[in-house]
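Just below is one structure, and these are the notes that go with it.
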Amino acid sequence: MTGSITFTMIKPEAFQNGHTGKILDMILGNGFRITAIKVLKLTREQAGKFYEVHRERPFYNDLVGFMSSGTILAAILEKENAVEEYRKLIGSTNPADAAEGTIRKAFGQSIQMNAVHGSDSNENAIIEASFFFSELERF
């Protein structure tokens, strides 16, 4: 079903600071089902390829460096209207502007170190999920 999945990453600072379990609890507590999950460390090249869409933006090199700086958790999440619902749960990109009760308000430190990545469209959710997971890794 189109729109029933989204993709997320728990970013290096949130993983390193021990917030992974609490973030997963928030995700599951909001009715999402995890259909694929893995822990890994991106190389600079892999992070660059994933964030290729931002290549021309001034923050691209810092973003690639940050996302390849430590361990992440990648996951595919399923729920009706998954992209929209997950965007509500994670909150604004800048944790200072995020609503109370959102993941970024609770665990984000800055615009870059904002705890989690979330797909911004149904199309990107499919592309991002396929970047990290083969069909054999999904259930």
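Treat the numbers as computed from the prediction; the structure is a model and nothing was measured.
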Note, [X] side chain near [Y] side chain (heavy atom, < 4.5 Å):
X	Y	result
F139	R33	yes
R44	N61	yes
P12	I72	yes
Q109	N17	yes
I23	L73	no

In Å, rounded to the nearest 0.5 Å, how long is the span from [atom1] of [X] to [atom2] of [Y]?
X	Y	atom1	atom2	value
N94	I111	CG	CD1	4.0 Å
K22	I10	NZ	CD1	12.5 Å
N114	R104	CG	CZ	4.0 Å
F15	T20	CZ	OG1	5.0 Å
F66	Y51	CZ	OH	8.5 Å
D120	T6	CG	OG1	9.0 Å

Verify same cluster id: [X], [Y] (apolar side-chain graph, 4.5 Å):
X	Y	value
I34	L89	yes
V116	L24	yes
L42	M113	yes
M67	V39	no
I126	V53	no

If you count heavy atoms of other groups shown closer than 6.0 angstrom to NZ of K41, is the number above 12?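 Yes - once you tally the heavy atoms of other residues, nucleotides and ligands closer than 6.0 Å, there are more than 12.
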Does E137 CD have over 12 foreign heavy atoms under 6.0 Å away?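 Counting other residues, nucleotides and ligands, CD of E137 exceeds 12 neighbours.
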Sidechain N-carboxylate O distance under 4.0 Å for R87, E84: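 Salt bridge: no.
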Answer yes or no for K38 and F133: cation-pi contact, defined as NZ/CZ to six-membered ring centre under 6.0 Å and angle to ring axis within 45°.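 Yes, K38 sits over the ring of F133.
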Check whether [X] reaches the backbone of [Y] with its side chain - one donor and one acceptor, N or O, closer than 3.5 Å.
X	Y	value
Y60	G48	yes
S68	V64	yes
E128	A125	no
E85	A82	no

Measure from the ring center of F7 to the ring center of F132 and say whether it is less than 6.0 Å.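 That pair passes the under 6.0 Å test.
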The test is side chain to side chain contact (heavy atoms under 4.5 Å, CB included); show your working for E78 and F32 and say whether it passes. CA-CA 6 Å; E78 183 180 70; F32 289 90; over 6 Å; no
For the residue pair S119 and Y86, confirm or rule out a side-chain donor-acceptor distance under 3.5 Å.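 Distance-only check fails for S119 and Y86.
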I'd like to know if the side chain of H19 pairs up with that of E13 as donor and acceptor (distance under 3.5 Å, no hydrogens or angles considered).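 Their side chains do not contain a donor-acceptor pair, so the 3.5 Å distance test is not met.
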Test side-chain hydrogen bond (donor to acceptor under 3.5 Å, both in side chains) applied to R138 and S130, step by step: CA-CA 10 Å; R138 302 174 192 206; S130 296; 3.2 Å; yes
Verdict with reasoning, F59 to Q112, per side chain to side chain contact (heavy atoms under 4.5 Å, CB included): CA-CA 9 Å; F59 60 82; Q112 182 171 295; 5.7 Å; no
Might you point out which heavy atoms bring S110 and P95 nearest each other, and give the distance in Å?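 Taking every non-hydrogen atom into account, O-CD, 3.2 Å.
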